[in-house]
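What's counted below: heavy atoms across the whole structure, side chains too, no hydrogens, waters or symmetry copies. Residue indices begin at 1 and follow the sequence shown.
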Amino acid sequence: MMKRCLLLLCACLFGILAFAQEDPVLMRVNGREVSRSEFEYSYHHYRAGEGRELSPKEYALLFSQAIQKVEAAKAIGLDTTAAFRKQQEENRIELMEDYLVDKQTVDSCARVSYQKMALKAHNGQVQVMQIFKYLPQTITSRHLEEEKAWMDSIYQAIRNQPGLDFSALVERYSDDRQSRWIEGLQTTVEFENIAFALSKGEISEPFFTPAGIHILKVMDRKELPVYEDVVDGIVQRILHKEIRNQGIGKVIERLKREWRYTPNQTGIEELLTKGDTERTLFAIDGQEYTGGRFKQFAASHPMTVKRQLEEFVAKSLLDYESRNLDKKYPEVRYALQKADEDYLIKEMTRQKVELPAMNDRAGLATYFKFHSSDYRWDSPRYKGVVLHCADKKIAKRAKKMLKKLPSDEWVDKLRQTFNTSGAKKIQIEQGTFADGENKYVDKLVFKSGDFEPLLSYPFTVIVGKKQKGPDDYREVIDRVRKDYRTYLDTCWTRELREAGKVEINQEVLKTVNNN
């Protein structure tokens, strides 16, 4: 609601400042003319929403870059997609509700919705990451047991090595590598019950859902915040029907007066008597609405004829108001335009920056290669495996075998060689360990501390090497993705600037109202 109020505040301020005076061209971006009023609307909206004190001259640079991104989106047809048209309609409906529904009604609906949220068994949010294996419905019992055993072995490794990087295991083994926030009723019951039962940082045992088998870690939790902190999001989620139903009567009566609603009693009486008519039923602003148009509406709204007519009148008035909103309220034109352009920028950024930063493995690897020094650790770490072996012979054999293999094949090879006959001969801990993170590595590599061998695995050996930094981007994937995203965005902005042309009339810019 706060976001909408800011929008309306800017709109009203804009209406006072812009339309009562001459409106010269302030800048041209790739040939597109931007008037002072359009720039002022965006400038005041930015200051109200972001809270940053930029001068008009400083904001002009950000504004021109945004326009270049919009034009780039239009050049590849993003403004012609079904998703864009749907977003346009949603923006128009949202703005119409701002003008049609009073704040008291909206606040009342929001508070009821908040009370319902508080009563849910699983309120608040949890941020989760998981090691997940998809299991098809046709899976055989043997395959199911193999997958269960595999996940159990991963879980045991996690338990035995508290400092193990969970995100690295997710990246390597999981069919789902995304970290996400969830709320109640957003996932399956099995998944939700586990997620909300865990504390922050806690990891679940393997469990099944209809989708497959999971090991879940709760990265963070947010208890249900106070109403003032979440009211904006609640308002966005309130159904339009719920809002309109509580204030529709007064709104419709006002629209009837403003748009010169004129009923045709002859047509209405014939419809109510016979259930059908071809006559005109009413006119809105001189435009006639006939029985034929009513029939199309009634076909998808089963109810009494009288109720159908009331709904048809209401819908017709609301639709007419929506189509003419920007004519009735001149400031709405820029509000709608800005909403459309924000969507285009977001979608264009997603395609040019967000998706590559998440999924372009070759690009991530190349970026890491040329910036590897940025990811060096403050002190050396040990990358390798800790092997807890049943006897000395097995330990010696395992070390010799691993020296001939790349490290990403070690764990699979060890399991296939030593842990397939039913009795496990080796327990395995693989990872990258800093001094103090693993007592076995501390003693055998960093020469500090001590440990007692595991009861059934008395011979502990290590295979690996000390490193000053990671040698694969996946070991620091979150940092590399963040840096790669910044790099892509910088390159894209530079390309747009070099390929485009921005002309700013500095004299007009000086006249922009910055109060």
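- At least one donor-acceptor pair closer than 3.5 Å links the side chain of T486 to the backbone N or O of K482.
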**Pair D472-D408, side chain to side chain contact (heavy atoms under 4.5 Å, CB included): steps then yes or no** = CA-CA 11 Å; D472 190 293; D408 59 353; over 6 Å; no
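- Annotation: R32, atom CZ; neighbour count of heavy atoms from other residues, nucleotides and ligands within 6.0 Å is above 12.
- S174 places a side-chain N or O within donor-acceptor distance of the main-chain N or O of Q130, the cut-off being under 3.5 Å.
- Side-chain contact between I203 and I215 is present, with at least one heavy-atom pair separated by less than 4.5 Å.
- Using cut-offs of 30° and 60° for the angle between ring planes, the W259 and Y320 rings count as perpendicular.
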**Prompt:** When you look at E258 and L255, which way does the side chain to side chain contact (heavy atoms under 4.5 Å, CB included) test go after all the steps?
**Reply:** CA-CA 5 Å; E258 291 179 357; L255 293 181; 4.0 Å; yes
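- Counting heavy atoms of neighbouring residues, nucleotides and ligands inside a 6.0 Å radius, atom CZ of R172 exceeds 12 of them.
- Aromatic ring centres of Y375 and H371: separated by at least 6.0 Å.
- A pairwise comparison of heavy atoms in I504 and A60 identifies CD1-CB, 4.1 Å as the closest pair.
- Across all non-hydrogen atoms, the minimal contact from D165 to E475 is OD2-O, 3.9 Å.
- Salt-bridge formation is not detected for the pair E311/K315: no Lys NZ or Arg NE/NH1/NH2 atom is positioned less than 4.0 Å from an Asp or Glu carboxylate oxygen.
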**Message:** Does Q88 form a side chain to side chain contact (heavy atoms under 4.5 Å, CB included) with D340? I'd like the steps, not just the answer.
**Reply:** CA-CA 6 Å; Q88 272 189 314; D340 291 347; 3.1 Å; yes
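- Every residue two or more places apart in sequence or in another chain that forms a side chain to side chain contact (heavy atoms under 4.5 Å, CB included) with S407 is listed here: W410.
- Within 6.0 Å of CD in E205 there are 12 or fewer heavy atoms belonging to other residues, nucleotides or ligands.
- Taking the charged nitrogens against the carboxylate oxygens, R257 and E253 have no contact shorter than 4.0 Å, which rules out a salt bridge.
- Within 6.0 Å of atom CD in E190, more than 12 heavy atoms from other residues, nucleotides or ligands are found, so the atom counts as buried in its surroundings.
- Here F282 and F294 keep their ring centres 6.0 angstrom or further from each other.
- A distance-only check finds no donor-acceptor pair linking the side chain of R307 to the backbone of P302 [under 3.5 Å].
- Side-chain contact between Y155 and I131 is absent, with no heavy atoms from C-beta onward closer than 4.5 Å.
- Under 4.0 Å is where a charged nitrogen must lie from a carboxylate oxygen, and between K338 and D342 at least one such pair does.
- Between I477 and E171, the shortest heavy-atom distance links the atoms CG1-OE1, 4.4 Å.
- Residues passing the ring-ring contact (aromatic ring centres under 6.0 Å, His included) test with Y134: none are found, sequence neighbours excluded.
- Across S35 and S37, no two heavy atoms sit closer than the pair OG-OG, 3.1 Å.
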**Request:** Given side chain to side chain contact (heavy atoms under 4.5 Å, CB included), test F39 with V508 step by step and report yes or no.
**Result:** CA-CA 11 Å; F39 179 83; V508 175; over 6 Å; no
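- The nearest pair of heavy atoms linking A83 to Y343 is CB-OH, 3.4 Å.
- Here the CH2 atom belonging to W377 is positioned 5.5 Å from the CD atom belonging to Q467, to the nearest 0.5 angstrom.
- By the 6.0 Å contact criterion, CZ on F84 is enclosed, its count of non-hydrogen atoms from other residues, nucleotides or ligands being greater than 12.
- Relative ring orientation between F63 and Y59 is described as tilted, the plane-to-plane angle lying within the 30° to 60° band.
- Here Q506 contributes atom CD and M27 contributes atom CE; the two are 9.0 Å apart, rounded to the nearest 0.5 Å.
- Side-chain contact between S372 and Y473 is absent, with no heavy atoms from C-beta onward closer than 4.5 Å.
- Residues L488 and R485 form no side-chain contact, since every pair of their non-hydrogen atoms from C-beta on lies 4.5 Å or further apart.
- In this structure, I182 CD1 and F191 CZ are separated by 5.0 Å, a value rounded to the nearest 0.5 Å.
- Nearest approach of Y367 to D483, heavy atoms of both residues: OH-CB, 3.6 Å.
- In this structure, the side chain of R481 engages the main chain of M358 through a donor-acceptor pair within 3.5 Å.
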**Item:** Stepwise side-chain hydrogen bond (donor to acceptor under 3.5 Å, both in side chains) test for S179 and Q127
**Value:** CA-CA 7 Å; S179 172; Q127 184 186 27; 3.3 Å; yes
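- Looking at R381 and E437, no side-chain N of the basic residue comes within less than 4.0 Å of a carboxylate O on the acidic one, giving no salt bridge.
- Residues W492 and M348 meet the side-chain proximity criterion, which asks for heavy atoms closer than 4.5 Å.
- Here the NZ atom belonging to K74 is positioned 11.5 Å from the OG1 atom belonging to T80, to the nearest 0.5 angstrom.
- Between W150 and Y173, the ring-plane angle classifies as perpendicular under the 30° and 60° cut-offs.
- Donor-acceptor pairing under 3.5 Å is recorded for the side chains of H214 and T209.
- To the nearest 0.5 Å, atoms CZ (F132) and CG (L216) are separated by 11.5 Å.
- With respect to R36, the side chain to side chain donor-acceptor pair (under 3.5 Å) criterion is satisfied by exactly one of N505, N513, T511, D23: T511.
- Taking the side chain as every heavy atom from C-beta outward, E347 and T81 never approach each other to under 4.5 Å.
- Annotation: side chain of Q178 is in contact with side chain of D176 (closest heavy-atom distance under 4.5 Å).
- Applying the side-chain hydrogen bond (donor to acceptor under 3.5 Å, both in side chains) rule to pairs touching residues 60-69 yields nothing, sequence neighbours excluded.
- Rounded to the nearest 0.5 Å, atoms CG (D319) and CZ (F312) are 9.5 Å apart.
- Considering only heavy atoms from C-beta on, R497 comes within 4.5 Å of T493 through its side chain.
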